[in-house]
Number of protein chains: 2
Amino acid sequence: MIQQLIHVQKQIVPDLLDTLRHRYDILHYVRLMQPIGRRTLATSLGLTERILRREVDFLKDQGLLAVATQGISLTESGRNVLRDLHEVMGEILGISEVARELEQKLGVRQVVIVPGDSDETFWVQRDIGRAAVTQLKARLAPDDNIIAVTGGTTMASVAAMMSPDKKERPMHFVPARGGLGETLELQANTVCSRMADRAHADYHLLHIPDEVSQETFERMVEEPSIKNVLEMIRAARIVVHGIGEAETMAKRRRATPEHLQMIERHEAVAEAFGYYFNAEGEIVHRVKTVGIQLEELDNMDTVIAVAGGKSKAQAIAAYAKHTPNIILVTDEGAATELLTCY
Amino acid sequence: MIQQLIHVQKQIVPDLLDTLRHRYDILHYVRLMQPIGRRTLATSLGLTERILRREVDFLKDQGLLAVATQGISLTESGRNVLRDLHEVMGEILGISEVARELEQKLGVRQVVIVPGDSDETFWVQRDIGRAAVTQLKARLAPDDNIIAVTGGTTMASVAAMMSPDKKERPMHFVPARGGLGETLELQANTVCSRMADRAHADYHLLHIPDEVSQETFERMVEEPSIKNVLEMIRAARIVVHGIGEAETMAKRRRATPEHLQMIERHEAVAEAFGYYFNAEGEIVHRVKTVGIQLEELDNMDTVIAVAGGKSKAQAIAAYAKHTPNIILVTDEGAATELLTCY
DNA sequence: TGAAAGTGGGACAAAAAATGTCCATACTAA
DNA sequence: TTAGTATGGACATTTTTTGTCCCACTTTCA
């Protein structure tokens with residue numbers, strides 16, 4: 001029914017659907033940046049001042065935007081409309097359809113797509129984060145939830161978008177892997193703690209490098225502080241994780257030249273939990289890591305894989321082929337690339 | 001979901017729904033009158049030539065209209081779009097909602113509303129007819145269908161819109177009442193025969209006046225030709241009938257001055273099957289008629305009451321209060337009037 | 001406290017689009 | 001053949017849109 005309406009509207013009033021999208025973009029951007037000035041907004045959206053002004057005046061008349069001396073911001077009803085709009089935008093842009101096609105093609109459990117391309121527009125990353133949070137909350141158990149999370153830029157924005165559960169279901173966050181690379185912001189530990197903070201929930205940290213020798217591992221595992229956390233990780237029923245590009249991850253991990261060569265020789269394109277995949281989704285290399293192992297994902301209730309941007313399309317394709325149990329949260333850019341090229 | 005979309009669109013691109021409706025009207029009119037010239041079309045729709053031209057050019061570019069030297073007509077995809085549009089238009093105009101409210105308010109089985117007001121725009125009558133036919137066909141039994149129909153202008157346009165059943169379910173049409181008044185076109189017999197013709201179905205006629213004295217009735221009922229038809233009428237499971245305004249009907253029936261006075265004294269507003277109703281839906285007068293009696297409606301599987309136009313709102317209200325078992329097919333004009341005033 | 005940067009709103013000319021109107025020409029039906 | 005009706009082209013005029021400045025005001029930071 002709704003498909004029908006949109007299809008008809010595309011035929012009969014196509015330009016108005018375009019302005020719908022423009023105005024959606026404006027509201028969307030204002031929500032992120034409010035209060036924001038007219039000129040700043042115009043340049044950010046790539047519109048001339050006058051054009052934007054017309055739109056803003058219109059939206060002000062509709063009571064969706066409030067414009068004051070400190071800038072433009074959303075009104076109450078603006079927020080409401082934007083939220084509703086958010087839900088139907090998928091249909092309007094035909095994204096829902098793309099999502100269904102992707103589910104079929106990749107054979108994964110569910111695909112969620114947000115509009116835009118995070119390679120091109122910075123705020124799309126936030127939307128991906130928001131969508132991932134929504135998916136996570138939709139799958140919380142009423143009683144006990146141990147949620148394992150990984151690191152990375154994408155996961156950092158998932159954490160930034162976390163908010164307390166309205167139904168106050170208990171959550172405990174644990175890192176799914178050990179420390180990896182240098183940047184503090186991208187550590188699983190950091191993401192874990194920030195996410196828990198924003199959710200007003202517990203968390204535990206894993207103070208151990210991701211890659212360790214067998215002996216070190218066996219010794220450290222006896223440490224109570226580590227042992228406990230590892231047990232919690234094993235008990236997790238929900239995992240939220242990013243998908244890495246093989247090369248990037250190898251560099252971040254400061255891999256040895258031999259490793260890098262191996263990755264190159266096997267044409268690895270994706271990385272997750274220390275496993276490297278080639279374009280066909282086959283495991284071509286494996287780094288012994290602490291934390292969740294790939295095989296364990298099959299026993300999880302919910303595995304949410306989050307990754308966006310056209311550049312990550314290949315990595316997503318490779319990983320998804322190997323792991324059908326995931327809920328994939330991505331963006332339009334990656335999704336369409338994935339559908340057309342892989 | 002679709003409500004949500006429409007609600008959001010009303011807020012964010014109010015023009016969208018307006019121009020959608022304009023273009024819908026154009027397509028709609030073209031379907032009825034094709035091929036039609038640009039100027040004729042413009043004056044019919046109350047638009048200036050230039051305005052209409054812009055719209056037609058647009059619709060031509062979209063491939064929905066074909067414009068040739070003999071005039072403007074619908075293309076194949078124009079017909080398809082219009083059909084889809086027809087289905088969603090109810091939602092867009094908020095008619096579906098009105099219909100549901102009316103069902104509640106009148107307490108009838110179902111209400112179907114077509115856009116427009118047949119008092120103001122002549123083609124709305126046709127749409128009502130089309131809608132009634134759709135309802136009728138949706139309720140045909142697979143095996144045997146005896147359908148009783150009355151006369152009147154509204155019923156005449158139902159007959160005009162009848163078409164053969166695609167599933168070829170057998171239908172037999174009979175008049176629900178005898179002959180009444182002078183105009184041949186509006187006789188139940190005429191409607192019955194035309195409807196059957198257009199449906200490629202059987203029919204039987206009832207050659208007897210609607211109003212007769214008891215003795216005449218008893219004598220004529222012995223006539224085999226009449227007796228058979230009356231038996232078929234008793235066996236009918238489906239009735240399609242119009243709703244009359246009391247005064248109009250009394251005049252058409254050439255009522256005696258006493259009758260007219262009685263109608264006026266009791267403030268009768270509606271008529272059906274020889275029964276007169278006041279505004280409260282009470283029976284205030286009854287003419288002894290041949291054919292279906294009001295009480296018999298309760299035993300019918302399907303009773304489709306058809307009436308449109310703001311002027312008939314009161315009659316519809318009165319009749320519907322008394323007869324909750326009906327499926328009411330009407331138009332926007334009558335429906336909104338009914339909802340606001342009665 | 002003062003200045004700098006950022007804000008909305010007003011104003012206005014230039015450009016573009018929409019509109020009303022007429023006319024020429026082509027086709028159709030009688 | 002003719003009368004009538006059709007479209008498409010043309011064009012001046014009106015209306016709307018658009019790009020650009022400037023001004024007064026507020027906030028913020030030094």
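Note: hydrogens, waters and symmetry copies are ignored here, and every other heavy atom, side chains too, is used.
Test B/Q11, B/Q9, B/K10 against B/H7 for side-chain contact (heavy atoms from CB on, under 4.5 Å) and you get one pass: B/Q11.
The heavy-atom pair separating B/A159 from B/R198 by the smallest distance is O-CD, 3.1 Å.
If you check the side chains of A/E91 and A/S96, you find a donor sitting under 3.5 Å from an acceptor. Between the side chains of A/D165 and A/H200, no donor-acceptor pair is found at a separation under 3.5 Å. B/D127 and B/H28 form a side-chain donor-acceptor contact under 3.5 Å, judged by distance and modelled atom types alone. For B/S163 and B/K137, the side-chain atoms include at least one donor-acceptor pair closer than 3.5 Å. Between the side chains of B/E97 and B/Q3, no donor-acceptor pair is found at a separation under 3.5 Å.
If you check every strand for non-hydrogen atoms under 4.0 Å, A/I36 touches sugar and phosphate atoms only.
Within 6.0 Å of the CD atom in A/Q70, the count of heavy atoms belonging to other residues, nucleotides or ligands exceeds 12.
The aromatic rings of B/Y29 and B/W123 sit perpendicular, their planes meeting at an angle over 60°, well past the 30° parallel limit.
Direction of the helix axis in the helix from C/dT1-D/dA30 to C/dA30-D/dT1 shifts by 30° between the two five-pair termini, rounded to 10°.
Taking every nucleotide of DNA chain D with any atom under 4.0 Å from a non-hydrogen atom of chain B, the first and last of them, 5' to 3', are D/dA6 to D/dA10.
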Legend entry - Letter per nucleotide, 5' to 3', of nucleotides 12-30 of chain C [B base touched, S only sugar-phosphate touched, - untouched; heavy atoms, 4.0 Å]: -------BBBBB---S---

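C/dG6 atom P lies 17 Å from atom CG of A/L52, rounded to whole Å.
Between the side chain of A/T40 and the main chain of A/I36, no donor-acceptor pair closer than 3.5 Å is present.
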